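What follows is a short report on a single structure.
Only heavy atoms go into these numbers, but all of them, side chains included; no hydrogens, no water, no symmetry mates. The residues of the chain are indexed from 1 along the displayed sequence. Just so we're clear, the structure is a prediction, and the values are computed from it rather than from any experiment.
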Amino acid sequence: MLNKKYVAAVLISLWFTALPLFAEKIIFSANRMTGQAGNTNTTTSLSGNAYIKTETMEIQADDVELSGDNYRYIKATGHINGKNLKTNMEFTCDSLEYDRTTKLASLKGNVNLEDKDNDVKAKAQIIDYNQDTEIAVLQVQINLTQKDNVCSGSYAVYYKKAQLLEISGNAQVKQDDDVFRAQHITLDMDTQDITLGGNVKGTVTDTKQAEPEPVVETEASEPKEQPDLKEEGPKDGE
């Protein structure tokens with residue numbers, strides 16, 4: 001996903017201790033940088049084709065800001081695309097905030113999240129993702145696709161490990177021509193089982209073909225003799 005061919009004015013690698021007895025390497029590049037590289041408690045701003053890579057996250061954006069103790073917090077804005085290297089989740093969005101200690105990522109604005117391992121694609125305006133638990137919380141204008149399922153609603157929780165989806169708020173799941181609606185819907189993505197709760201509605205298409213009507217054979221009747229329609233000439237005296 002990431003295009004690493006940049007005309008970068010800055011290319012820096014930093015080693016630092018994020019936690020006791022644990023060191024992580026951060027690599028980043030950009031056209032411009034402001035701040036003090038290597039300071040353990042300061043803000044460093046990258047602008048213009050900004051790129052940053054940690055052991056678990058890879059991000060490309062217009063601008064990136066590193067802040068907090070040992071660059072704990074990463075903020076990115078503008079044309080963001082990236083990848084979680086640990087869970088194989090790829091994403092695009094308008095803005096991102098990532099806490100390197102808690103492994104929590106908040107993606108906002110036209111978010112697209114793709115689980116490459118399970119061929120799950122999700123769209124929403126807000127997605128909060130926990131890298132350790134591999135749970136994503138989706139909010140506002142949700143659309144999620146998996147196999148023949150097209151899911152929508154106002155709020156959803158996607159459990160990557162369990163392959164389970166919980167939807168609420170005008171929840172709907174479409175499977176080909178079948179449509180299921182309820183206040184709450186749970187979808188098991190492995191078995192394709194659906195659990196509906198609250199004001200349940202649905203439309204199911206019967207795929208069984210109707211048996212053809214039997215053909216009744218009848219004896220053909222002999223054609224009637226047709227009258228002679230040849231015009232006769234005038235009779236004598238007429």
Side-chain angles (χ1 to χ4, degrees), residues 1-6 8 10-14 16 18-19 24-35 37 40-118 120-145 154-160:
M1 172 181 284
L2 295 175
N3 182 4
K4 300 178 183 177
K5 296 181 179 178
Y6 304 111
V10 180
L11 180 58
I12 302 174
S13 298
L14 296 178
F16 56 87
L19 292 174
E24 182 179 13
K25 184 178 182 180
I26 294 181
I27 301 175
F28 58 84
S29 64
N31 292 341
R32 294 175 300 278
M33 185 194 80
T34 59
T40 59
N41 193 9
T42 188
T43 298
T44 299
S45 298
L46 308 171
S47 58
N49 294 321
Y51 169 79
I52 183 167
K53 181 179 180 180
T54 70
E55 291 184 354
T56 58
M57 189 74 76
E58 191 174 18
I59 302 168
Q60 176 187 335
D62 290 343
D63 302 289
V64 173
E65 179 183 278
L66 307 173
S67 63
D69 189 21
N70 292 323
Y71 298 109
R72 173 178 175 176
Y73 304 106
I74 299 175
K75 293 183 180 180
T77 56
H79 301 94
I80 299 168
N81 63 72
K83 181 177 182 178
N84 191 302
L85 303 175
K86 180 180 178 181
T87 61
N88 199 22
M89 303 278 276
E90 296 186 0
F91 56 86
T92 62
C93 59
D94 294 335
S95 66
L96 172 145
E97 295 183 5
Y98 179 60
D99 187 328
R100 294 178 49 256
T101 300
T102 62
K103 305 300 181 183
L104 298 178
S106 179
L107 292 70
K108 297 180 180 179
N110 302 310
V111 184
N112 290 271
L113 182 67
E114 183 174 0
D115 180 354
K116 305 292 288 187
D117 294 332
N118 299 288
V120 175
K121 298 179 181 179
K123 296 181 180 179
Q125 290 302 308
I126 302 173
I127 296 181
D128 296 319
Y129 181 67
N130 188 317
Q131 178 180 291
D132 289 337
T133 62
E134 299 189 37
I135 296 175
V137 177
L138 295 75
Q139 302 179 62
V140 187
Q141 299 177 14
I142 295 168
N143 181 277
L144 185 145
T145 60
S154 301
Y155 183 90
V157 181
Y158 172 54
Y159 302 87
K160 174 180 167 70

Separation of [Y] [atom2] from [X] [atom1] (nearest 0.5 Å):
X    : Y    : atom1 : atom2 : answer
S29  : N49  : OG    : CG    : 8.0 Å
T43  : K75  : OG1   : NZ    : 8.5 Å
I74  : E65  : CD1   : CD    : 11.0 Å
Q125 : L138 : CD    : CG    : 11.0 Å
K116 : M89  : NZ    : CE    : 11.5 Å
L96  : N81  : CG    : CG    : 11.0 Å

(request) Before giving the answer on side-chain contact (heavy atoms from CB on, under 4.5 Å), spell out for D128 and L104 the whole-Å C-alpha distance, their side-chain angles and the decisive distance to 0.1 Å. (result) CA-CA 7 Å; D128 296 319; L104 298 178; over 6 Å; no

Identify the two heavy atoms, one from [X] and one from [Y], that lie closest to each other, and give their separation to 0.1 Å.
X    : Y   : value
Y73  : G68 : CD1-CA, 4.1 Å
S47  : A30 : O-CB, 3.8 Å
A61  : I80 : CB-CG1, 3.7 Å
K108 : C93 : O-CB, 3.7 Å
A105 : M57 : CB-CE, 4.5 Å

(request) Using the side chain to side chain contact (heavy atoms under 4.5 Å, CB included) rule, pick out the option among I135, V120, L113 that qualifies with Y158. (result)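 Only match with Y158 under side chain to side chain contact (heavy atoms under 4.5 Å, CB included): V120.
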
(message) If you define the side chain from C-beta out and look only at heavy atoms, does anything of I27 sit under 4.5 Å from E58?
(response) no

(message) Under the criterion side-chain contact (heavy atoms from CB on, under 4.5 Å), I'd like the reasoning laid out for V137 against Y155: C-alpha separation, chi angles, the key distance, then a yes or no.
(response) CA-CA 8 Å; V137 177; Y155 183 90; 3.5 Å; yes

(message) Check whether R100 reaches the backbone of Y71 with its side chain - one donor and one acceptor, N or O, closer than 3.5 Å.
(response) yes

(request) Give the C-alpha distance, both sets of side-chain angles, the deciding distance and a yes or no for side-chain contact (heavy atoms from CB on, under 4.5 Å) between M33 and T44. (result) CA-CA 7 Å; M33 185 194 80; T44 299; 3.7 Å; yes

(message) Pair I59, F28 - check side-chain contact (heavy atoms from CB on, under 4.5 Å), show working.
(response) CA-CA 9 Å; I59 302 168; F28 58 84; over 6 Å; no

(request) Check the surroundings of atom NZ in K123: do more than 12 heavy atoms from other residues, nucleotides or ligands lie under 6.0 Å from it? (result) no

(request) Give a yes or no on this: more than 12 heavy atoms of other residues, nucleotides or ligands lie within 6.0 Å of atom NZ of K160. (result)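 Check passes, neighbour count above 12.
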
(message) Using a strict threshold of under 4.0 Å (side-chain N to carboxylate O), is an ion pair present between D99 and R72?
(response) yes

(message) Quick check on side-chain hydrogen bond (donor to acceptor under 3.5 Å, both in side chains): which of D62, D94, T92, D63 does H79 satisfy it with?
(response)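 Among the candidates, only D62 passes.
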
(message) I'd like to know whether N84 forms a side chain to side chain donor-acceptor pair (under 3.5 Å) with Y129, so could you lay out the CA-CA distance, the side-chain angles of the two residues, the decisive distance to 0.1 Å, and finally the verdict.
(response) CA-CA 10 Å; N84 191 302; Y129 181 67; 5.2 Å; no

(message) Run the salt bridge (Lys or Arg N to Asp or Glu O under 4.0 Å) test against K121 and tell me which residues pass, sequence neighbours left out.
(response) none

